[in-house]
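Contents: one structure, followed by commentary.
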Amino acid sequence: MVKHSKRYRALAAKATEDSMPLEKAVEILKGYNTTKFDQTVDCAMRLGIDPKQADQLVRGAIVLPHGIGKELRVVVFAKGDNVRLAEEAGADAVGAEDLAKKIKDGWLDFDACIATPDMMGLVGPLGRVLGPRGLMPSPRAGTVTPDVARVVKEYKAGKVEFRNDSTGIVHAVVGKMSFDQEKLIENIRAFTNQILSMKPAAAKGIYVKSIAIAGTMSPGVRVSL
C-alpha cells in the first residue's frame with residue numbers, strides 16, 4: 001500500500017470528491033503547489049468504452065497550446081535527405097542500423113521515437129523494447145511519417161501521445177504547476193475536447209464518465225463535464 005507524506009495527507013484532508021467547473025478545479029489544484037519542485041500536471045478521463053474491443057480504442061496525439069513545460073528528447077529513424085531534415089528540425093538523435101543497435105543495447109534516453117515508413121522493417125524488431133515503454137513508432141499516433149521535420153517540431157513544441165488503458169482511462173500530461181492558470185485551463189480544455197471528438201462509433205451509453213486533474217505529488221481534483 002502506498003504511504004503518503006504528511007504534506008499529502010494534509011492536502012487530501014481538505015480535498016473534496018465533488019466535481020467542479022474547470023476554472024475552479026485548476027484554482028484548487030494550483031493551491032496544492034507546495035513542493036520544492038515544479039510538479040507535472042496530468043489530466044485523466046474515465047471513458048465508457050470497452051477496452052477489449054479494437055473498434056473502441058481511443059488513441060492519438062495532440063500539440064497542446066502551451067506545451068508541457070519541458071523539451072522532449074526525440075530520436076528519428078531515417079536515411080537520405082530525411083536525416084538532414086530531422087536534424088535541422090531539432091531531433092536529438094538520427095540514425096538507422098546504428099541507432100537500432102544502440103537501443104537494443106539498452107539506450108532509452110528519449111521521450112519520443114519517430115520513423116519514416118521505409119525504416120519500419122528495421123524498427124519493427126525493436127517493438128519488444130520500445131512497445132512496453134510507449135515509444136514504438138505508430139502510424140495511428142503520427143510517429144510513422146514521411147514528413148519527419150514537421151513531426152519532430154511538433155514533439156519539440158510539446159506534442160503528447162495518449163492511449164486508453166485496460167480500464168478505459170485515458171490520460172496525458174497537460175503542463176506544470178508553475179503555468180499561469182489560464183494556460184493550464186487552455187491545455188486541459190484542448191486535451192478534453194480532443195478526446196470528446198474521438199468517441200468511437202461502437203461506444204454506447206455515456207462516453208465520458210469522469211475527469212480529474214492532479215499534480216505529481218498532490219490529490220486529484222474532479223472536473224465537471
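Residue indices begin at 1 and follow the sequence shown.
We find that Lys70 and Asp111 are joined by a salt bridge, their nearest charged nitrogen and carboxylate oxygen being less than 4.0 Å apart. Between Lys79 and Glu97 there is no salt bridge, since none of the side-chain N atoms of the basic residue sits less than 4.0 Å from a carboxylate O of the acidic one. A salt bridge is defined here as a Lys NZ or Arg NE, NH1 or NH2 lying under 4.0 Å from an Asp or Glu carboxylate O, and Lys102 with Asp98 fails to meet this definition.
Side chains of Tyr155 and Glu71: no donor on one and acceptor on the other come within 3.5 Å. For the residue pair Asn187/His66, the side-chain donor-acceptor check at 3.5 Å is not satisfied. The closest side-chain donor-acceptor pair between Thr145 and Asp147, if any, does not fall under 3.5 angstrom. Counted by atom type alone, Asn82 and Thr116 present zero donor-acceptor pairs between their side chains at under 3.5 Å.
A 4.5 Å side-chain heavy-atom check between Phe191 and Val160 finds every atom pair outside the cut-off. Using a 4.5 Å heavy-atom cutoff, the side chains of Tyr32 and Val221 are in contact. Between Ile68 and Phe179 the shortest side-chain heavy-atom distance does not fall below 4.5 Å. When side chains are defined from C-beta on, Phe162 counts as touching Met198, because their heavy atoms get closer than 4.5 Å. Residues Arg133 and Leu108 meet the side-chain proximity criterion, which asks for heavy atoms closer than 4.5 Å. Using a 4.5 Å heavy-atom threshold, the side chains of Leu47 and Lys209 count as separate. Residues Asp18 and Arg222 fail the side-chain proximity criterion, which asks for heavy atoms closer than 4.5 Å. By the 4.5 Å heavy-atom criterion applied to side chains, Phe110 and Asp92 are not counted as neighbours.
Taking both residues in full, the closest heavy atoms of Gln194 and Ala61 are given as NE2-O, 4.1 Å, listed atom of the first, atom of the second, then distance. Closest heavy-atom contact between Ala203 and Gly48: CB-O, 4.1 Å. Of all non-hydrogen atoms in Ile211 and Cys43, the two that sit nearest each other are CG2-SG, 3.9 Å. Looking at every heavy atom in both residues, Ala149 comes nearest to Leu85 through CB-O, 4.0 Å. Shown here for Ala86 and Val152, the closest heavy-atom pair between the two residues is O-CG1, 4.3 Å. When every heavy atom of Cys113 is checked against every heavy atom of Thr143, the shortest pair comes out as O-CB, 3.5 Å.
By the neighbour-count criterion of 12 heavy atoms within 6.0 Å, atom CD1 of Ile206 is sparsely surrounded, having that number or fewer from other residues, nucleotides or ligands. Taking a 6.0 Å sphere around NZ of Lys156, one finds it holds more than 12 heavy atoms contributed by other residues, nucleotides or ligands. Counted within 6.0 Å of CG on Asp55, heavy atoms from surrounding residues, nucleotides or ligands total more than 12; the atom is thus considered enclosed.
At least one donor-acceptor pair closer than 3.5 Å links the side chain of Ser224 to the backbone N or O of Met20. In terms of modelled atom types and a separation under 3.5 Å, the side chain of Asp180 and the main chain of Lys183 share no donor-acceptor contact. Remark: side-chain polar atoms of Gln56 are not paired, donor with acceptor, to backbone N or O of Ile49 under 3.5 angstrom. A side-chain donor-acceptor contact under 3.5 Å links Thr192 to the backbone of Ile188. Put simply, the side chain of Asn164 never gets that close to the backbone of Leu57: no donor and acceptor are under 3.5 Å apart. Thr40 contributes no side-chain N or O that, together with a main-chain N or O of Thr216, makes up a donor-acceptor pair within less than 3.5 Å.
Exactly one residue among Val75, Ile114, Leu130 makes a side-chain contact (heavy atoms from CB on, under 4.5 Å) with Pro137. That residue is Leu130.
The CD atom of Glu27 lies 9.0 Å from the CD1 atom of Ile185; values are rounded to the nearest 0.5 Å. Annotation: the span from Arg46 atom CZ to His171 atom NE2 amounts to 15.0 Å, rounded to 0.5 Å. Rounded to the nearest 0.5 Å, atoms CG (Leu29) and CD (Gln39) are 7.5 Å apart. Residue Ile62 holds its CD1 atom at 11.0 Å from CD of Glu154, rounded to the nearest 0.5 Å. Taken to the nearest 0.5 Å, the OG atom of Ser210 stands 9.0 Å off from the CE atom of Met45.
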TODO: Would you please test Val148 and Phe77 for side-chain contact (heavy atoms from CB on, under 4.5 Å) and show each step?
DONE: CA-CA 9 Å; Val148 291; Phe77 281 94; over 6 Å; no
- [ ] Mind running side-chain contact (heavy atoms from CB on, under 4.5 Å) on Lys104 and Val129 for me, showing each step along the way?
- [x] CA-CA 7 Å; Lys104 282 181 182 176; Val129 178; 5.7 Å; no
Open item on the list: With side-chain contact (heavy atoms from CB on, under 4.5 Å) as the criterion, how do Arg59 and Ser138 come out once you've worked through the C-alpha distance, each side chain's angles and the decisive distance to 0.1 Å?
Closed with: CA-CA 11 Å; Arg59 179 181 184 181; Ser138 160; 3.4 Å; yes
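Cluster membership check: Val173 shares its hydrophobic cluster with Met177, using side-chain heavy-atom separations under 4.5 Å among Ile, Leu, Val, Met, Phe, Trp and Tyr. Taken together through direct or relayed side-chain contacts under 4.5 Å among Ile, Leu, Val, Met, Phe, Trp and Tyr, Val208 and Val174 form part of one hydrophobic cluster. Residues Leu184 and Ile28 fall within the same hydrophobic cluster, defined by Ile, Leu, Val, Met, Phe, Trp and Tyr side chains chained together at heavy-atom separations under 4.5 Å. When hydrophobic clusters are built by joining Ile, Leu, Val, Met, Phe, Trp and Tyr residues whose side-chain heavy atoms come closer than 4.5 Å, directly or via intermediates, Val94 is not grouped with Met119. In the hydrophobic clustering of this structure, Val151 does not group with Val123; members are Ile, Leu, Val, Met, Phe, Trp, Tyr whose side-chain heavy atoms approach within less than 4.5 Å, directly or through other members.
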